[in-house]
**Student:** 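Can you read through this structure? Questions will come right after.
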Number of protein chains: 2
Amino acid sequence: MSKSNKDACPTETALDLIGGKWKGMILYYLCSDIRRFNELTRLIPGITQRMLTKQLRDLEAHGIVHRKVYPQVPPKVEYSLTKLGKTLKPVIRELEKWGQGYLKS
Amino acid sequence: MSKSNKDACPTETALDLIGGKWKGMILYYLCSDIRRFNELTRLIPGITQRMLTKQLRDLEAHGIVHRKVYPQVPPKVEYSLTKLGKTLKPVIRELEKWGQGYLKS
DNA sequence: CTGTATCCTTATTGATACTG
DNA sequence: CAGTATCAATAAGGATACAG
């Protein structure tokens, strides 16, 4: 987004970072555990490797997700929430609660 | 979105409804008050009439926003949160809080 | 296993002009 | 005031193949 009034509307800042088609689900699963690349692929039906990579890189760039590479063959990479990422948990939890309520109504 | 695992991930349901480039800000302003079309245009710099209309219609279609038309000239239309929409307040509040924290860090 | 690289399609957004 | 209509541009997403 070019330059909206983020100061006046922090809501927008947050949605910029966790919005998008897949980030919600990625964060949802990272909230409960450290996950590997392939694991996320399985947990999130329909996502392609390209999109998963892209979203994870995005989250990483914003300091929300940490990427830990084990230099071995075959490769092993673990994704987890950073300190900042963990502060998102209440947000994710609220979204989750609301989503559940909405689905029941 | 076609058919992801919304049941497994209510977070996604929520983000589907309140995500997008402008919905966060629209909801942010509707949380605190009833707003008119032109008022929202002023409050949200950069949004076009076309986009504001589209987003409001979206929110309306999902039962989050109520559109009240006063049959008069010049026209007057008021937008407000529905009962369901009001249940979003804690969610918006969490997003807002997190956004503020993020901006400060 | 964890990605890149290409190419292509679709969805979102924007600019602008116009209307009841 | 509160929108529509039209057209154009950009961004997001997807399919598939390939690589270290």
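Values reported hereafter were calculated over all heavy atoms of this structure, with side chains retained and with hydrogens, waters and symmetry mates removed.
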**Student:** What pair of heavy atoms forms the shortest contact from B/Leu15 to A/Ile18, and how long is it?
**Tutor:**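 Here B/Leu15 and A/Ile18 meet closest at CD1-O, 3.5 Å.
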**Student:** What is the distance, to the nearest angstrom, from the CE atom on A/Met51 to the C1' atom on C/dT6?
**Tutor:** 15 Å
**Student:** Just the rounded figure in Å: distance from P of C/dG3 to CD of A/Gln72.
**Tutor:**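 So the two atoms are 13 Å apart, to the nearest Å.
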**Student:** If you find the nucleotide of DNA chain D closest to B/Arg42 and the one closest to A/Gln55, which residue's nucleotide is nearer the 5' end?
**Tutor:** B/Arg42
**Student:** Supply the atom-to-atom distance A/Phe37 CZ to A/Leu52 CG, rounded to the nearest 0.5 angstrom.
**Tutor:** 4.5 Å
**Student:** Provide, to the nearest angstrom, the distance between the CH2 atom belonging to B/Trp22 and the C1' atom belonging to C/dA11.
**Tutor:** 17 Å
**Student:** What is the distance from CZ of A/Arg35 to C1' of C/dT2, rounded to the nearest Å?
**Tutor:**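 So the CZ-C1' distance, A/Arg35 to C/dT2, works out to 18 Å.
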**Student:** State, to 0.1 Å, how close B/Ser80 and B/Ile34 come at their nearest heavy-atom pair, and which atoms those are.
**Tutor:** CB-CG1, 3.8 Å
**Student:** Using a 4.0 Å cut-off on protein heavy atoms (strictly under), produce a 5'-to-3' string for nucleotides 2-8 of chain D with B for base contact, S for backbone-only sugar-phosphate contact, and - for none.
**Tutor:** BBB-B--
**Student:** With sequence neighbours excluded, give me every side chain to side chain donor-acceptor pair (under 3.5 Å) pair touching residues 83-97 of chain A.
**Tutor:** A/Thr87-B/Trp98, A/Arg93-A/Glu96, A/Glu94-A/Lys97
**Student:** Quick one: A/Lys21 NZ to D/dA11 C1', roughly how many Å, whole number?
**Tutor:** 14 Å
**Student:** Roughly how many Å is it from CD in A/Glu12 to C1' in C/dT13, rounded to a whole number?
**Tutor:**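 Distance check: A/Glu12 CD to C/dT13 C1' gives 14 Å.
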**Student:** Quick one, B/Leu27 and A/Thr11 - any side-chain contact, counting heavy atoms below 4.5 Å?
**Tutor:**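 When only atoms from C-beta onward are counted, A/Thr11 and B/Leu27 do not touch, as no gap falls below 4.5 Å.
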**Student:** Without decimals, in angstroms, what is the distance between A/Lys23 NZ and D/dA11 C1'?
**Tutor:**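 So the NZ-C1' distance, A/Lys23 to D/dA11, works out to 12 Å.
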**Student:** With rounding to the nearest 0.5 angstrom, report the CG to CG distance, A/Asp33 to A/Leu43.
**Tutor:**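 The distance works out to 10.0 Å.
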**Student:** Look at the side-chain N and O atoms of B/Lys54 and state whether any lies under 4.0 Å from the OP1 or OP2 oxygen of C/dG14.
**Tutor:**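 So the side-chain polar atoms of B/Lys54 never come under 4.0 Å of the phosphate oxygens OP1 or OP2 of C/dG14.
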